[in-house]
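Below: one structure, written as structure tokens.
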Amino acid sequence: MPQARIAIDRTMLVAPINRRIFGSFVEHLGRCVYDGIYEPGHTTANEDGFRLDVVDLVKELGSSTIRYPGGNFVSGYRWEDGVGPKDERPVRRDLAWHSLETNQVGLDEFARWCKLTGSELMMAVNLGTRGIENALDLLEYANHPSGTALSDQRIANGTSAPHDIRMWCLGNEMDGPWQTGYLSADDYGKLAARTAQALKAADKNLELVVCGSSGSTMPTFGDWERTVLEHSYEHVDYISAHAYYQERNGDLGSYLASSLDMQYFIDTVVSTADHVKNKLQSKKTIKISFDEWNIWYLDEHQASEEVNDEWRIAPRQLEDTYSVADAVVLGNLLITLLKNHDRVGSASLAQLVNVIAPIMTEPGGASWRQTTFFPFSVTSRLARGEVLRPRIDVGRYETAVYGAAPLVDSVATFDEESGRAAVFLVNRSQTESLQVTIDVAELGASVVDEAVSLHDSDAYAKNTLADQTRVGLQALAGAVLTDGVLTVTLPPVSWSAIALK
Ligand code: AHR
């Protein structure tokens, strides 16, 4: 059996954990909002029409910040359509997803839903069809306490306390030709800088996210970040990154190494942001908001009948069903985000319910966990204190896309106060179990508190409406901690977590 050796010590500190690294994303897209989180006729629905079975799953998932209301949707959105009496709200066309938007859920309802789930609302403003004035209006409506036209309108609509939204995205994927109102880097950089300056004149403590590239394969990747930041650096706090992965051409080996692309993406954005920092002689350091990341079978979506000329309300779109292999890749992407937490300050799994989501629902029926639910929920639950980057000594395997890729990836967390530690690992081998010896002596733990793994003899096994619990977590047999050395055997194509105390 191949072997790996890992050493974890506290000098390998990355950063204290900010819960915002476990964020997610709710877009008005397909059945994410309507027939997803919101279904007034459902037996579990509360007075706002929100499904409480879904609320329970969101809490179990452990997502923190929730980005809203898009995504591509936001670039044509009129936020004021979604506030006030529901029977007076207009139905509009959503050009991004070629659907009809009923506006039955808007800012005030969504903010209440966030409270139910214990999450923080992260808002995106429309810089596609709109601009500075509208962003300021939305901020006034959302955050101003009272005594102005728009804050009083919010109060009259039934929300007396301000929503106090801290994180704001300055548009969405403005580099993408698919985006309503997309712009050149120069034009967007200027608009983002002016919008950010105005928003911060209203509230200097806002945290603003300027749009980075929609993917590392965009032809403008790198140059976009440089130009946009040269315009906006002093006004913003984060630059966004978006990345979706999928298996292509039956090449599971390359797919399992997808996190190498995420690492390249992060490294490139960090170097570019720091280059601009030096050029401008700025004192501040920009962080990444990785506010869209996930597995998405995008090629299949684009070739599917989902893309059509009909105008429907909440059509089934982007409802990918995830396999064990998808969950292993997702677990590995989350490991990568944590390993870079010194520069990736915030992240959002895109998305949360029904649309490329860890949680699925049926109208009038059940809600269930996809395979990808498990690595996210366990990592969010066990990762506490600070992130430590392990030293990993392991063999490699050849991939068509990334060349030689390490067989194992891992990250650890340690909470000094409780003395608890956690180690997260993936085995990318498709055929062999791997024996891993982990030196944790420095952490002072003596007991394995929990050891779980996601794997299956069929790497393509999935949870479906017909079989909602086909795949779940399994106990990771044989995890032993003796004299500061933890020994585990990782099954092929697996994601595992071990909690120590
Ligand atoms: O998450 C789905 C879509 O992916 C979002 O709307 C968009 O921002 C990205 O292209």
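As the structure lists them, so they are numbered: ligands from 1, and atoms in each ligand from 1.
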Run the numbers on Asn72 and Tyr77 for side-chain contact (heavy atoms from CB on, under 4.5 Å), then give the verdict.
CA-CA 9 Å; Asn72 296 338; Tyr77 184 50; over 6 Å; no

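Aromatic ring pairs are classed by plane angle as parallel below 30°, tilted from 30° to 60° and perpendicular above 60°; the pair His28 and Phe73 is parallel. Using cut-offs of 30° and 60° for the angle between ring planes, the Tyr244 and Trp296 rings count as perpendicular. Aromatic ring pairs are classed by plane angle as parallel below 30°, tilted from 30° to 60° and perpendicular above 60°; the pair Phe376 and Trp293 is parallel. Ring geometry for Trp495 versus Phe424: interplanar angle under 30°, hence parallel rather than tilted (30 to 60°).
Here the shortest heavy-atom distance to atom 1 (O) of ligand 1, taken over Trp178, Trp296, Tyr244, Trp97, belongs to Tyr244. Between Glu292, Arg67, Gln179, His242, it is Glu292 that holds the heavy atom closest to atom 4 (O) of ligand 1.
Taking a cut-off of under 4.0 Å to the non-hydrogen atoms of Glu173, the atoms of ligand 1 that pass are 7 (C), 8 (O), 9 (C), 10 (O). In the vicinity of Glu27, heavy-atom distances shorter than 4.0 Å reach the ligand 1 atoms 5 (C), 6 (O).
Annotation: atom 2 (C) of ligand 1 to nearest protein heavy atom, Gln351 NE2, 3.5 Å.
Counting heavy atoms under 4.0 Å from ligand 1, residue Val355 does not touch it at all.
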